[in-house]
Amino acid sequence: MERRIDEHLVVRRDGAVVTVTVDREDALGALSRSMLVALDAFLPGLADDDDVRVVVLTGTGRGFVAGADIGEYHGVDQRRFDDYQRLGRRVLDAVEALPQYTVAAVNGYALGGGFELALCCDAILATERAKFGLPEVKLGLLPGGGGSQRLARALGVRFALRLVATGAMVPAGELYRRGLVDEVYADDAALRAGAWDLAGTVAAGAPLAVRGAKRLVREGSAMPLPDALGFEQAVLSSLFATEDGREGVAAFVEKRDPVFRGR
Ligand code: COA
């Protein structure tokens, strides 16, 4: 089932996997205000949909998302600019906070807000031609959707500052070597297949355990270690009390495939 939530955003549902495609090839996927408004309205319902286990974000043609729609910055007053930034930040924070496992399938340029969007996802897969960067300094501006901070936390202050201060673009292969991009594919077809494979594997897992994994790793890694270790045991204990936890263990002992019901 496929529908448009904006002229440039297509949402497709395949079982437990939702794919959001930025369909704006002629502007390399630049994010207009109208696209952000649509995402802002769409994401809360997605977060509440327990039947969705994986969300894939991708683009079309040469662009994943080439950042904010720069044309919309031109001639606007400070208040409107700040409103746009707040809206962008709310959308990116909402992507990061999705309880489902999220995959950025980066088919081309991931610049500014596009790189920031990928940084909010749980996995980043990319094609060889994909390029990542925070080029705002070239406009006399800086990132506003968390890029400077999430990149510094992911890959260190020095590397983040180099990208923010120079606006340089780096190929997917370099970010793969640095451990930010999880997999690099030869072309779009291979990227789609890789994203689909990862999404399918995660979607087939025990639903409560997969959701718990995301909370555990993301929230736990922001805690002091002793608290995080306690959190890990609490999450595990709560899963052992679920039907799926019992089912997984019983199926192993009975040498059969488990049937997980998300209970
Ligand atoms: N906002 C609006 N339009 C954008 C855009 C953006 N962020 N990025 C690209 N486009 C548009 C271009 O204006 C062009 O439109 P046109 O055909 O009507 O002239 C089209 O997308 C193709 O881009 P073009 O620059 O011709 O392609 P290229 O291959 O020569 O260069 C980039 C590609 C990504 C290097 C270049 O488009 C670019 O620097 N984009 C801006 C990226 C940016 O600064 N993002 C952060 C914004 S805060």
Side-chain angles (χ1 to χ4, degrees), residues 4-10 20-40 57-96 104-121 124-152 154-155 159-175 180-181 184 187-188 191:
R4 271 179 199 270
I5 58 169
D6 177 87
E7 184 190 350
H8 299 303
L9 289 170
V10 179
V20 180
T21 303
V22 177
D23 180 22
R24 198 185 183 193
E25 210 170 328
D26 58 350
L28 305 181
L31 285 176
S32 65
R33 184 183 169 78
S34 132
M35 291 158 78
L36 289 177
V37 167
L39 287 169
D40 192 37
L57 301 166
T58 194
T60 38
R62 294 194 298 132
F64 170 66
V65 170
D69 186 331
I70 301 171
E72 292 188 359
Y73 281 7
H74 190 62
V76 301
D77 63 18
Q78 184 77 39
R79 198 172 56 85
R80 196 159 168 82
F81 178 78
D82 290 344
D83 279 353
Y84 178 92
Q85 295 305 322
R86 270 192 292 274
L87 173 62
R89 172 156 179 222
R90 198 159 66 232
V91 166
L92 291 165
D93 287 354
V95 169
E96 187 176 55
V106 181
N107 52 294
Y109 289 110
L111 304 176
F115 195 1
E116 291 173 324
L117 181 62
L119 283 165
C120 291
C121 291
I124 305 179
L125 312 182
T127 54
E128 271 168 15
R129 76 167 170 193
K131 288 199 170 62
F132 296 74
L134 296 168
E136 290 86 347
V137 74
K138 294 181 179 172
L139 303 171
L141 301 172
L142 286 174
S148 65
Q149 301 310 306
R150 289 194 176 98
L151 185 59
L155 292 186
F159 181 70
L161 183 52
R162 175 156 72 81
L163 291 205
V164 174
T166 64
M169 288 191 262
V170 289
E174 177 173 350
L175 293 186
L180 187 71
V181 165
V184 179
D187 53 31
D188 285 358
L191 172 69

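As the structure lists them, so they are numbered: ligands from 1, and atoms in each ligand from 1. Just so it is clear, the values below take in all heavy atoms, side chains as well, and ignore hydrogens, waters and symmetry mates.
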Could you walk me through whether Leu39 and Asp6 satisfy the side chain to side chain contact (heavy atoms under 4.5 Å, CB included) test, starting with their C-alpha distance in whole Å, then the side-chain angles of each, then the deciding distance to 0.1 Å, before giving a yes or no? CA-CA 9 Å; Leu39 287 169; Asp6 177 87; over 6 Å; no
After noting the C-alpha distance and the side-chain angles of Phe159 and Leu175, does the key distance pass the side chain to side chain contact (heavy atoms under 4.5 Å, CB included) rule? CA-CA 11 Å; Phe159 181 70; Leu175 293 186; 3.8 Å; yes
Take Leu9 and Val22 through the test side chain to side chain contact (heavy atoms under 4.5 Å, CB included) and record every step on the way to the result. CA-CA 5 Å; Leu9 289 170; Val22 177; 3.9 Å; yes
Determine whether Tyr73 and Tyr84 satisfy the following criterion, ring-ring contact (aromatic ring centres under 6.0 Å, His included), listing intermediate values before the conclusion. CA-CA 9 Å; Tyr73 281 7; Tyr84 178 92; 5.6 Å; yes
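Between Lys131 and ligand 1 there is no heavy-atom distance shorter than 4.0 Å.
Using a cut-off of 4.0 Å between Lys/Arg side-chain N and Asp/Glu carboxylate O, Asp188 and Arg129 are scored as salt-bridged. Under 4.0 Å is where a charged nitrogen must lie from a carboxylate oxygen, and between Asp93 and Arg150 at least one such pair does.
Atoms of ligand 1 found under 4.0 Å from any heavy atom of Glu136, numbered from 1 in the order shown, are 48 (S). Atoms of ligand 1 found under 4.0 Å from any heavy atom of Leu111, numbered from 1 in the order shown, are 34 (C), 42 (C).
At a heavy-atom distance under 4.0 Å, no atom of Lys138 approaches ligand 1.
When the options Asp69, Leu28, Leu142, Asp26 are ranked by their closest heavy atom to atom 14 (C) of ligand 1, first place goes to Asp26.
The minimum heavy-atom distance linking Phe132 with Val106 is given by the pair CZ-CG1, 3.7 Å. When all heavy atoms of Glu72 and Ser32 are compared, the closest pair comes out as OE2-CB, 3.3 Å. Closest approach of Ala68 and Ala30 over heavy atoms only: O-CB, 4.2 Å. Residues Met35 and Gly29 approach most closely at CE-O, 4.4 Å, considering heavy atoms. Between Gly145 and Glu116, the closest heavy-atom pair is N-OE2, 2.9 Å.
Atom 40 (N) of ligand 1 is never approached by the protein to below 4.0 angstrom, counting heavy atoms only. Counting only heavy atoms, the protein never gets under 4.0 Å from atom 26 (O) of ligand 1. For atom 33 (C) of ligand 1, a protein heavy-atom neighbour is present inside the 4.0 Å cut-off. Distance remark: protein heavy atom not present below 4.0 angstrom from atom 18 (O) of ligand 1. Per-atom contact check: atom 37 (O) of ligand 1 touches the protein, criterion being a heavy-atom distance below 4.0 Å. The presence of a protein heavy atom under 4.0 Å from atom 29 (O) of ligand 1 is confirmed. Per-atom contact check: atom 48 (S) of ligand 1 touches the protein, criterion being a heavy-atom distance below 4.0 Å.
Between Arg62 and ligand 1, an N or O atom pair is found at a separation short of 3.5 Å. In terms of polar-atom proximity, defined here as any N/O pair under 3.5 Å, Ile70 does make such a contact with ligand 1. Note: an N/O pair closer than 3.5 Å links Ala68 and ligand 1 by distance alone.
Taking a 6.0 Å sphere around CZ of Arg4, one finds it holds more than 12 heavy atoms contributed by other residues, nucleotides or ligands.
Looking at atom 35 (C) of ligand 1, its nearest protein heavy atom turns out to be Met169 CE, 3.8 Å. Remark: minimum distance from atom 8 (N) of ligand 1 to any protein heavy atom is reached at Ala66 CB, 3.7 Å. In terms of protein heavy atoms, atom 10 (N) of ligand 1 is closest to Ala27 O, 3.7 Å. For atom 44 (O) of ligand 1, the nearest protein heavy atom (residue, atom name, distance) is Pro135 CG, 3.5 Å. For atom 31 (O) of ligand 1, the nearest protein heavy atom (residue, atom name, distance) is Tyr109 OH, 4.5 Å.
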